[in-house]
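Structure, as C-alpha cells:
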Amino acid sequence: MNDTPDRSLTWGQGLVLGAAALPMVAFGGMGAWGTYSNITSVFHRSATALGVVAAGEGATLVLALTLVGLTMLGQSAPAAVRVGLWTLPAVASLTGAAVAKTVTEAVVFAVTPMAMCVSAEGMGLLARRIVVFRTGVDAEAQRRNATVMQRLAYHRARAVNHPDEKARQASELKSWKLAERVGTGDAQLGAHLVDVQRERMTAGADAALAGMFALPVTAVTDPAHGVTAAAEPLAVEGPAVTGVTPPVTEEDTQVTAESETVPPGPVTPDTAPVTPPVTLEEVAAVASVPTPVTGEPLTDAQLVVVLRHLRYSDDPPLSYRQAVAAFREGGFVGGEERVRKAWGSLMSHEESEA
C-alpha cells in the first residue's frame, strides 16, 4: 500500500522537463532523417528508404510512445516493448551497414539509427521518474522485485522438496544468487529502511541523553507503611524479613492443672513486626526512572537503581562481585564497563552521605 500523497509538478519543474524532452524528440527525428538519406543514396528510391525508416525508427517510435503511455498510467511495460526498443534500431543499424559500399559508410549507416533508440529510452525514463515523483510508486521496480521473489520462492521450495539431490543443490545456489537482487532499485524499500534506522538512532540518543541529564533523587519515606526508599543512596535499617512466622501450636496455649497461675486465653508469640522489603518498582519510582526490565538495555540511571536494589536486598549489603552476580542471574542487560561505572557512582554517594 502506498502512503505517499500525490505531488504535482511545479511550473519550473514542468518547464525543465519539457525542455529536456524536446531534444530527445528532435534528435530522434534527425536520426530517422539521416537513415532515410543514407538509404536513398544507395538505392536512389524514396519508397525503399521510407520502408527502412518505418521498420527501424518508425517502429521504435511506436514502442517508445507505448512505453511512455504505460509508464504515465503507472503500469510496467511488457518485455516485448523493452526488447523491441533495442532490437529494432539494431536491425536498422545492421541494414545500413550491409548496404554501405565502403567501411566508412558502414560505420556511419550503423550509428545513425541509434539516435532513435537513445531518444526512446530517455523519454521512457523521464516519464517513469515523473510518475515516481508524483505518486511514489515505481511500477518497473515492483515488476522486477515481483519476478525475483516469484523465482526465489520456487527455487526455495525446489531446494527443500525436490527428489533429485543435484536439482536441490542447483536451486540452493540459485536462491542465494536471487537473494542478492531482492529490493534492487526499489526506492521505497530504501526509504523505509532509512526510517527504521532513524527511529532506532533517535531512541538510542534519547536514552543516552536521559542518562546524562538525570536529576539526583533524595530519600522519601512512606509514613503509612514505614518504608524508606531512596535513589542516592537507599537507606536500609536492617535485614529484610522474608521468612514466615511459625504457627502457634496447642502446646503453646495449653493450660494445665498445675499452672493455675497462668491466666486463661491464647498466648501471643513474641515476634518482631514484619517490614515489607523495598521493591525494585519503588526504588525506580523514587528515582523517577522507568522500571528496569530484564532482557532490555538499561540506561545509566536504571543501572544505578538495579545495583542499589540488589546491594541492599540482604544484610550485610552485597559486595560488588555479589551484586554483579545477582545482576547477571536476574537477567539484566549491561556491559561490564557501564556496570562498574554505575557501581562507582553508587559508592561515591554512599561515602558522601556517610
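Here, residue 1 is the first one in the sequence, and each next residue gets the next number.
- When all heavy atoms of Leu307 and Ala342 are compared, the closest pair comes out as CD1-CB, 3.8 Å.
- Checked options Lys174, His162, Arg168; the residue passing with His155 is Lys174 (criterion: side chain to side chain contact (heavy atoms under 4.5 Å, CB included)).
- Of the possible polar contacts, one joining the Asp164 side chain to the Lys166 backbone as a donor-acceptor pair under 3.5 Å is found.
- The shortest non-hydrogen separation linking Leu298 to Val333 is CG-O, 3.7 Å.
- For Arg338, the salt bridge (charged side-chain N to carboxylate O under 4.0 Å, His left out) partners at least two apart in sequence or on another chain are Asp300.
- Checked by atom type and distance alone, the side chain of Glu281 never pairs as donor or acceptor with a backbone atom of Thr291 at under 3.5 Å.
- Residue Leu94 shares its hydrophobic cluster (ILVMFWY side chains chained together at separations under 4.5 Å) with no other residue.
- For the pair Glu282 (side chain) and Thr279 (backbone), a donor-acceptor distance under 3.5 Å is present.
- Between Gly334 and Arg328 the shortest heavy-atom distance is O-NH1, 2.8 Å.
- Scanning all heavy atoms of the two residues, the minimum distance from Val289 to Ala301 falls at CG1-CB, 3.7 Å.
- Here the closest non-hydrogen pair linking Ala49 and Ile39 is CA-CG2, 3.5 Å.
- Remark: Arg340 engages Glu336 in a salt bridge (charged side-chain N to carboxylate O under 4.0 Å, His left out) (not counting sequence neighbours).
- Linking ILVMFWY residues whenever their side-chain heavy atoms come closer than 4.5 Å, directly or via other members, places Leu310 and Met347 in the same cluster.
- The shortest non-hydrogen separation linking Phe109 to Ala97 is CB-N, 4.1 Å.
- Using a cutoff of 4.0 Å between basic side-chain nitrogens and carboxylate oxygens, Glu172 and Arg158 are not scored as salt-bridged.
- Put simply, the side chain of Ser93 gets close to the backbone of Ala110: a donor and an acceptor are under 3.5 Å apart.
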